[in-house]
Amino acid sequence: FFFSSRRRHTRYISVTGVQTCALPISAMNEQASKHYQTQQIMTASPAMLVFMLIDKAIVCLKEAIRAIETKDVEARWKSNARAMEIISHLKGTLDHAKGGAIAQNLDQLYGFMLSLLPKVDFANDAAAAQAVINLLIPFRDSWKELASGGKTPQQAVTGDRKSTRLNSSHTDISRMP
């Protein structure tokens, strides 16, 4: 039997009448969350993986901006470093042989982004982080659409590839007098 102690936030297991302390609830939740994230990554399509990376870079840069606003130097540095790591990975994994001019353009764009991001740390410049976010958002949205099979988010949810409008907004002509 499991029950939760409100005071310690731990779970206890009663085995043959003896209580033994298990992992703290927060550690159990963190373990489950990491397992879920690992499963998402392992089963994601290549397009979904690129979407997830770009989305994570945007999240990190937003965290860096918040850290600049709160004057949290360590959080700013960690978030910006993570975003730079992700963008460097995206740049480093471009296939120039298959990608041709598109890969070359992306290489230059990622290089430009990487040239802006040191300003976030050295000059405490939130505008540089925001500029990179503004460049990444269209890529994220495009990769998300590609990962969903070319469907818009509305079409992905409803399964309708013809129309993005809700059916309830249409007038039923057959019921008109």
Side-chain angles (χ1 to χ4, degrees), residues 23-70 72-121 124-164 166:
L23 291 173
I25 291 174
S26 61
M28 290 174 64
N29 289 341
E30 188 176 319
Q31 252 181 341
S33 176
K34 284 183 181 181
H35 179 70
Y36 176 74
Q37 287 174 338
T38 301
Q39 283 300 107
Q40 268 191 314
I41 291 167
M42 298 303 288
T43 59
S45 68
M48 183 56 78
L49 289 173
V50 173
F51 160 75
M52 292 165 73
L53 283 170
I54 294 171
D55 192 55
K56 181 63 177 180
I58 291 169
V59 168
C60 289
L61 291 170
K62 287 180 179 180
E63 289 172 0
I65 291 170
R66 277 191 297 276
I68 289 170
E69 292 167 354
T70 61
D72 186 347
V73 176
E74 183 179 357
R76 181 206 63 215
W77 182 83
K78 284 182 179 179
S79 296
N80 192 45
R82 182 69 177 131
M84 287 175 54
E85 186 179 314
I86 292 168
I87 294 169
S88 294
H89 176 76
L90 290 169
K91 186 179 189 308
T93 56
L94 289 171
D95 187 344
H96 291 277
K98 290 182 183 176
I102 294 172
Q104 183 64 33
N105 290 339
L106 284 172
D107 186 69
Q108 291 175 357
L109 187 60
Y110 290 144
F112 175 71
M113 290 178 195
L114 290 170
S115 73
L116 287 177
L117 290 178
K119 294 177 184 177
V120 174
D121 288 325
N124 220 26
D125 187 2
Q130 188 60 54
V132 174
I133 290 170
N134 293 342
L135 291 170
L136 287 173
I137 286 173
F139 285 117
R140 179 197 59 193
D141 296 344
S142 296
W143 280 103
K144 183 175 184 177
E145 187 173 337
L146 181 66
S148 67
K151 300 176 185 178
T152 64
Q154 172 70 22
Q155 292 167 334
V157 171
T158 63
D160 179 17
R161 292 188 61 87
K162 295 177 185 173
S163 172
T164 58
L166 295 175

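Quick caveat, the model's predicted, so the values are computed rather than measured.
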Next item on the list: Might you work through the side chain to side chain contact (heavy atoms under 4.5 Å, CB included) test for Asp141 and Phe51, ending with a clear yes or no?
Entry: CA-CA 8 Å; Asp141 296 344; Phe51 160 75; 5.9 Å; no
Next item on the list: Run the numbers on Asn124 and Val73 for side chain to side chain contact (heavy atoms under 4.5 Å, CB included), then give the verdict.
Entry: CA-CA 9 Å; Asn124 220 26; Val73 176; 6.0 Å; no
Next item on the list: Could you please spell out the steps behind the side chain to side chain contact (heavy atoms under 4.5 Å, CB included) verdict for Leu114 and Val132?
Entry: CA-CA 9 Å; Leu114 290 170; Val132 174; over 6 Å; no
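Shown here are the side chain to side chain donor-acceptor pair (under 3.5 Å) partners of Gln104, two or more places apart in sequence or in another chain: there are none.
In this structure, Asp55 and Trp143 have side chains that are not in contact, with every pair of non-hydrogen atoms separated by 4.5 Å or more. Residues Val120 and Ile68 are in side-chain contact: their nearest non-hydrogen atoms beyond the backbone lie under 4.5 Å apart. In this structure, the side chains of Ile133 and Ile65 come closer than 4.5 Å at one or more pairs of heavy atoms. Within the 4.5 Å cutoff, the side chain of Met113 has heavy atoms near those of the Leu136 side chain.
The two residues Leu116 and Ala128 have their closest heavy-atom pair at O-CB, 3.6 Å. Looking at every heavy atom in both residues, Ala57 comes nearest to Ala83 through O-CB, 4.0 Å. Shortest non-hydrogen contact noted between Leu94 and Ala103 is CD1-O, 3.5 Å.
With Asn80 contributing its side chain and Leu117 its backbone, the two residues share a donor-acceptor pair below 3.5 Å. For Ser79 (side chain) and Arg76 (main-chain N/O), no donor-acceptor pair under 3.5 Å exists by modelled atom type.
Taking the charged nitrogens against the carboxylate oxygens, Glu85 and Arg82 do have a contact shorter than 4.0 Å, which makes a salt bridge.
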